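Chain letters run A, B, ... following the sequence lines, proteins first and then strands; every chain starts at 1. These figures come from a predicted structure and were not determined experimentally. Below, all heavy atoms of this structure are taken into account, side chains as well, without hydrogens, waters or symmetry copies.
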Amino acid sequence: MKQNNKAWLLIIAAAAITQSCSKDFLNKTPQSDYTTASFYKTANDAETALTGAYSGLHDQYYIWDYQINGDARADNAYAGGDNPDNFQIDNFQLTASNGNVTRDWQGIYNRVLAANAVLDNIPKIEDPVWNGTDRKNQILAEAKFLRAFHYFHLVTTWGEVPLVLSSTDQDIFKSRSSVADVYAQIEKDLLEAETVLPKTFDSDAQTRGRATQGGAEALLAKVYAQEGKYQECLDYCDKVINNGNYTLLGDYAQLFDGAHANNSESIFEIQYNDAGAGDWGIQLLTPPSLTGDDWIKFNTPSHDLLKAFDAANDVVRKGVSIIVEKANPPAQYVADPNNVPFIGKWRHPNGWNSPDNVMMIRLADIILLKAEALNQLGRTDEAIPLVDQIRQRVSLGKTTATTQDEVKLAILNERRLELAFEGERWNDLLRAGTDYTIQVMNSQKDGAGNNLNYNVTADKLLFPIPQQDRDLNKNLTQNPGY
Amino acid sequence: MGFRCNGTPQIKSETIYQLTVSKGFNSLITKSKNMKKLQPPPGRSNLRLLFKFFVIMKLTIVLILLAVLNVRAGAHAQGSITLNMQQVEIQKVLNKIEKQGEFRFLYNYDLESLNKKVDVHLNQSSIKEALDKLLANTDLTYKLLENNLVVVMSNTQLNQDTRITGKITGANGEALSGVSVLVKGTSIGTNTDNNGNFTLTVPNDATLVVSSIGYESKEVKVNGQSVVNIQIATSNKQLDQVVVVGYGAQRQKDITSAISSVNVKDVSTRPIVTADEVLAGKTPGVQVVQPSGKPGSPLEVRVRGTASPLGGQPLYVIDGVMADDATGIDPNNIESISILKDASAAGIYGTAGGSNNSATNGVILITTKTGSKGKTRVDVNAYTGYQEIVKTLPMLNGQQLITLLNEQQANAGQPALAIPPDLQNVNNNWQDIIYRRAPITGISAGFSGGSDKGTYRLSLGYLNQDGIVELSNYVRYSVNFNLEQSMNKWLSVGAHLNYNRTNSRDVPDNERVNQGGVVLGALSTPPFVPKYNADGTFGLNPFQAWENPLASIEGPYNKTTGNSILGDAHIQIKLPYNLRFRSQFGTSLTNSNYDYFLDPFRTQYGRSKNGIGQNNTQEIFRYDFQNTLTFDKHFGDHGITAVAGMESIEQKETYGYMYGEGFPNANVMTLNEATTNKSISTTKQEWSLVSYFARVNYAFSDRYLFTASIRADGSSRLGTDHQFGYFPAFSAGWRISKENFMMNMKSVDDLKFRLGWGETGNIPFIGSYYPSTATVSGGNNYPWGAIFPGVIPSSTKGNPDLKWEQTQQFNIGFDLSMFNWLRFTADYYNKRTTGLIYQQNLPFSTGYSYTLANVENGVVQNDGFEFNIAADVFKGTGFTWTTSLNMSFNKNVMKGLDSNNIIYAGNIPERDNSTITKNGLPIGSFWGYIATGVDPQTGYVKYKQISKGGQEVFGGELDPAKDRTNLGSPLPKFTFGFINDFSYKNFTLSVLVDGVNGNKVFDATRIETEGMFQVNNSSTAALRRWKSPGDVTDMPQARFADSAQNTLISSRFIEDGSFVRIKNISLAYNWQSEWVKSLGVTNLRFYISLQNIATFSKYKGYQPEVNRDGQSPLSQGIDYGTYPQAKTVTLGINLQL
């Protein structure tokens, strides 16, 4: 049976080939992804993870949604553009399935996860590179700052939110924590970070782009203010102001001319460049003369804001903040196509790839916040010079406000003009009070003087919890009014 | 196999017996040592010899021979016998006749009856008459052989066993191995060896039953011969047809599970572009959905419903090689398709499958054509024709539109709009502009042949299909080569190779015009928008700055070239003990190269970026190594076929992506000219599968049939502790028609009951082959001056506990064939998928998007009933008509899920998800509000507020959590196919009608065309809109920005998707003439084919068969500006040389 010997030989060979590849054959690990188990090993990995956490600042929310929520929802801007979701926000007709609401919630929590991943995984890393340095703790502190920053935006936008503090949290279907608990966690993170974070880093870009001691303190001041804890706010404003690292720029225009990135006034600034990390949002805001396209623009300045600038005779800041030009198609509520106002604070859209940094916290904000705290604490006299300090830079005379109430409004207005389109207005209004906010918003008029009928009620001051997440997590309750 | 053996006319069995036997008889005589020449009268030695001979001969055989030869005897009757004798011994009478010189007799002298005395009165009698009279009332009988030789023998001789040998050959005389040779009614049997020879000891009166897969079985009486050579014909009867099953083939009549074999003949008379199209409407339990009309777009095939929410498609096995789809082969090369529908059939494939394919969704087995022995052949199929949109939708003209727009603005407190003066004369019908009459041409040529040693077939194909939307196009070049060669008696080798190259140009659909969607663009772009501006840029909607759809067609250049190689090399070794070993190494390699370029000047977006270039490449390589050992033995009433094997599959994928902006002009589209924002990426991933499997088929007496199989599959895609899954299957069949009590029922040709149960497994593919592994994603960079690399946790949360999803399927059915013209098959099945692998969407607050998890109590249940009736209604000589009707009823429902296992899908931009997959509903049910009509006072759409007792409210008051509800399922209640084939003389006509019933379609296109909330065109339905209080209509107020929320996802846009469609009509003429023959053409046929020629439906959009999301089970039946299907008219020719 010679033929069969050969045949069997072939079969045995085939079987052997099959067998030889069976043991490790099923052992496949990702080739284009780092696995959690194998990634976090060195100091360099820790820095990379931290950078990933910072990259969250390029999320759509921080690109432009926070401005819509802070300015278009408030009296500074109209939704503009052609997106019904934005109209809903502007017009206080939000539903729980609004696309922006959903993506903001999702985007911010995704960034919380990135910060949590740093806090979960870096403590285990031991690397001799860190010997004799405090870098490992600094990394953790930076992550805590970022987490606090995100939660600050969450709590002011939605009120009670789930408090997720670990990337491996087994409790997937978390309930919402009380506003107080969320603030407590924010304070805890920031207080822990403050003591560890350095005042400066190796470069300006890092010092203004990373969490610093001053950054943590400034954020704490803003957090305390929003909580109504004005004494703590005052303390932390002072810490920032006395930090020695920050001074007001002499020329307001320089803040936004794109040539003074990471300047001395900047406390926390989102970094962009046009070599792969550009800001696409500016293209959506800025006028055709800068973008070269005909798209209908978003977040268009409101008549009320224009009036406020004009009433204050604030030529400098109006000129920086707003560009008025001919446009087709026109913006919302603007009858005259030759004089259409657009946002002008960032002027280098650069084809959806703006290199202009965006300041999230700057000294002028903190100075005015200090004024607000002093005024709220009854120290109105001490508050007034701070307001004047800000006005002086833009060639405006001293404020005429004297009483506590007058000064309160003066500070609010000053913040409005100083920080227009920087996403601060809505929180400023809320601090001024629910009733005040409702009154301001319900009195908004279009260019022809017709009331815009926002019909704001107290329930409308918070966003709804996104329906999509409530569908997934039955433990999530909805805010009243939605 | 099923072709008629034209060269071999059907031989009447009688004739064969006669020839065979006489040959045997003569050879027997010739072989006898002592008899050089048969010589009457007999001498002593001759007598001994004769005696010996008669011992060998068996009486029954003689009797049969007599019966057979009765007819023949007449032929010898010319010789007349006249004889008158009284009381003379028979032997003497015989001598007397012999002396007349015409006949010679052979007989045994010891036969006592020969001495019986008889009276003989013969007058001009034939030999037959003479012998009949002579031998009447004796135990003697006779037979007439050639040369007027007459054998006289006793009919009381005892049967005795004899050893016979023989050779079984096929139609062309080729030796057939492995053929079962059984003695009828006994357990005696054997199989032929490699040379087709067999040896068997049988009773002399035995009848041999010869059977082999693919051949008509044949019964042959031994008749005492010692050498029985039998030729068997290839079967063209359905019951004898061979059906390819996993790792082997079976005769249809032996099948015990739900397997459909599909008639693929119509490929030659229809412009069929992909193999899946062949299946449409043909067979029960298989629904083929064409999601869009885009040329080259993949079809969706549902076998017995949707078994898994993340589902996927059936497993394809092409010439034994597993594949993700059948796009790699030119349908002209398909020889057969069979579909394993139930788990008892598909179980042998266990879980095997590709990225998104699994046996759980059925297995589609395709074999490609091979050459056949003998003559070389050339087959050509060429067609050309055109495609057209089925219908266009009625839209408003410019004046109607501007009236509407101003009303829409006014209702929202916005200033009136005026068409700019320069556009007032523009009146474009955008549908006419983007849709065209698109040509389609296909040519295929096959060259085949073979010898005893081997066969080959080479085929070349070309297809050029333009899409009905301008510029869309699909071109395919294909080569198919199959080779089978036997090297020696025990070794044969072979190979299949399919190569394809495709070029396609895409146009974007399924999007709004501002996102580049061409179809929505054609519908919603106002007529007063110009095609082009003077500077060559595309016209803009003056009120919205949206470009017209030509910008999406001509602005971007979307081109994909692809290469696909699918094939295998195999060896087959014949071993002793009826064993056969087969080793096959298959590969599937596809690569594609996608180029995108956006003109830097002509489009808005292009200008803002100074042009965009993008290039995507991908390569997917898979090998599939199989080794199987097959055992095949029949003994007595028992038949066993067993196969055992192992298989390993590994797939490696590589993806590349390059992007850049800033092009100086549009003359160079490659990325070397990009100057800004360049980015690149390459990624790789892989998976592997190791499997061990075995199957046994056992048949007893052709009546009781059993099949059992088991497969163990290990996948790299699961966590270390859960890699292996074990998938058993059993089935049984009872051919009741073979039972004695059924034998008398002449009307029943065949009746078989089938019962089966089996399990299959599945791991759905969701973006990653590593669902068990927690990963971090790079590329999340951040600039501190320079850009620094960053990572964040991946949005998918790894789940190390992930296990196989398992599907159990129970099947009961029967096959009935009656009157030789009616065939009926019916099956009931229950298919339950448990341990569902879910893309468990995680709450956003976790930061993750989803994880893959088994929902332990989760079940997808598909219950169904399906049947097929086929009849040869008319079988005349000139006219034939065959018809078949198949229907499939399937009910899909999800069970055992809790509120956390809800999957939303089918997102509509700026709206919401439109489908839900949750407990108690069919997969992917539509989910939204119930619109109850338009409020006559306000003109707002009213909705049912389910949470508050169903009162009617406006959109703003609805709670998305509580007021949305089930709006119906996109899955049909039943589907059917109705096929009629007529032939009259040289004409053949085929009509294929198919349809679905009871499914819903979400016509989201109407959100855009009837929404009346943005500055775009509307359909003429908008003319019915509410205008002032008191208007009673179904069409709400026009209102910019839709603050009244008239266009929520609601029943307003849900439509009945039922349809009846004339899928195809093909008329062919077979031109038979001497002139044609003189050209060397053996077959010449012309045909005209009308595809998709009429659809009867209430659907308001282009065509109810539509799926924006393609193959995803979670969101079926959504029409959102989806590329419409075309109707096609082609003329073609089939030529055979």
Side-chain angles (χ1 to χ4, degrees), chain A residues 3 7 10-11 14-15 18 21-22 25-26 28 30-36 39 48-49 51-52 54-55 84-85 87 93 96-97 99 105-106 109-110 112-114 117 162 164 167 172 174 203 205-206 209 271 273 276-277 291-296 329 351 353 467 469-474, chain B residues 490 540 543-545 573 575-576 581 583 604 607-610 625 627 646 648 661 677 679 683-688 690 714 716 723 770 773-778 780-785 787-794 841-847 899 902 904 910 912 960-961 1041-1043:
Chain A
Q3 68 177 57
L10 278 167
I11 291 164
T18 318
C21 59
S22 89
F25 188 66
L26 291 180
K28 306 281 188 209
Q31 293 159 286
S32 292
D33 280 310
Y34 307 100
T35 66
T36 307
F39 182 76
T48 306
T51 300
Y54 277 104
S55 77
D85 286 333
F87 293 139
Q93 289 170 333
S97 51
W105 172 274
Q106 182 176 19
Y109 267 113
N110 185 241
V112 169
L113 172 67
V164 180
S167 62
I172 291 170
K174 267 212 153 81
S203 67
Q206 290 192 37
Q271 309 289 309
N273 72 27
T291 59
D293 62 22
D294 294 320
W295 292 84
I296 185 164
N353 190 30
Q467 187 57 41
D469 223 22
R470 293 193 64 220
D471 290 341
L472 291 170
N473 178 2
K474 59 176 184 276
Chain B
W490 53 272
L540 285 179
F543 308 114
Q544 207 158 14
I573 296 169
L575 297 165
F581 173 78
S583 183
Q604 286 196 92
R607 281 194 295 281
S608 72
K609 297 276 194 183
N610 291 318
F625 186 42
N627 290 287
M646 59 198 307
S648 48
E661 300 171 359
N677 278 342
S679 73
T683 53
K684 291 185 179 192
Q685 54 181 357
E686 60 184 359
W687 58 265
S688 54
V690 171
S716 68
Q723 284 179 330
Y770 313 98
T773 312
T775 59
V776 293
S777 307
N780 290 279
N781 309 329
Y782 198 72
W784 285 292
I787 293 174
F788 283 75
V791 301
I792 63 171
S794 300
N841 283 329
L842 298 172
F844 298 146
S845 56
T846 62
S899 59
I902 293 178
Y904 294 93
E910 291 164 16
D912 207 332
D1042 196 23
S1043 58

Bottom line for A:Gln106: the part with an atom under 4.5 Å from chain B's heavy atoms is both
If one checks every heavy atom of A:Tyr34 against chain B at 4.5 Å, the contacting part turns out to be both
Drop me the distance from B:Asn780's CG to A:Asn110's CG, to the nearest 0.5 angstrom. 8.5 Å
Among B:Ser679, B:Ser1043, B:Gly785, B:Ser716, which has the most heavy-atom pairs under 4.5 Å with chain A? B:Ser716
Distance col, row A:Asp294:CG vs B:Gln544:CD, nearest 0.5 angstrom, shows 13.0 Å
Return the option, out of B:Asp912, B:Asn610, B:Ile792, with the maximum number of heavy-atom pairs under 4.5 Å with chain A. B:Ile792
For the residue pair A:Arg470 and B:Ala961, what are the closest heavy atoms and their distance? NH1-CB, 4.1 Å
What part of A:Tyr54 gets closer than 4.5 Å to chain B, counting heavy atoms only: side chain, backbone, both or neither? both
B:Ser777, B:Pro793, B:Ser794: which one forms the most heavy-atom pairs within less than 4.5 Å of chain A? B:Pro793
Heavy-atom distance under 4.5 Å to chain A: side chain of B:Tyr904, backbone, both or neither? side chain
From CG (B:Asn841) to CD1 (A:Ile172), nearest 0.5 Å: 11.5 Å
Check each atom of A:Val164 against the heavy atoms of chain B and say whether the ones under 4.5 Å are side chain, backbone, both or neither. side chain
Considering only heavy atoms, which portion of A:Ser203 lies under 4.5 Å from any heavy atom of chain B: side chain, backbone, both, or neither? neither
Any idea which heavy atoms bring A:Asp469 and B:Pro843 closest together, and the distance? OD1-CA, 3.0 Å
Any donor and acceptor pair, going by atom type alone, linking the side chain of B:Ser688 with main-chain N or O of A:Phe25 inside 3.5 Å? yes
Rounded to the nearest 0.5 Å, what separation is found between the CD atom of A:Gln271 and the OH atom of B:Tyr782? 5.0 Å
Based on non-hydrogen pairs under 4.5 Å, which of B:Val776, B:Asn781, B:Thr846 is most in contact with chain A? B:Val776
Under 4.5 Å from any heavy atom of chain B, what part of A:Pro162 do you find: side chain, backbone, both or neither? side chain
Nearest 0.5 Å, what's the OG1-CH2 distance between A:Thr51 and B:Trp784? 4.0 Å
Would you say the side chains of A:Asp33 and B:Tyr770 form a donor-acceptor pair under 3.5 Å? no
For the pair B:Glu686 (side chain) and A:Lys28 (backbone), establish whether a donor and an acceptor sit closer than 3.5 Å, ignoring hydrogens and angles. no
Region of B:Thr773 that comes under 4.5 Å of a non-hydrogen atom in chain A: side chain
Between B:Gln723 and A:Leu26 the two heavy atoms that sit nearest each other are NE2-O, 3.0 Å
At what distance, to the nearest 0.5 angstrom, does CG of A:Asp85 lie from CD of B:Glu910? 6.0 Å
Largest heavy-atom contact set with chain A, pairs under 4.5 Å, which of B:Ile902, B:Asp1042, B:Leu540, B:Ile787: B:Ile787
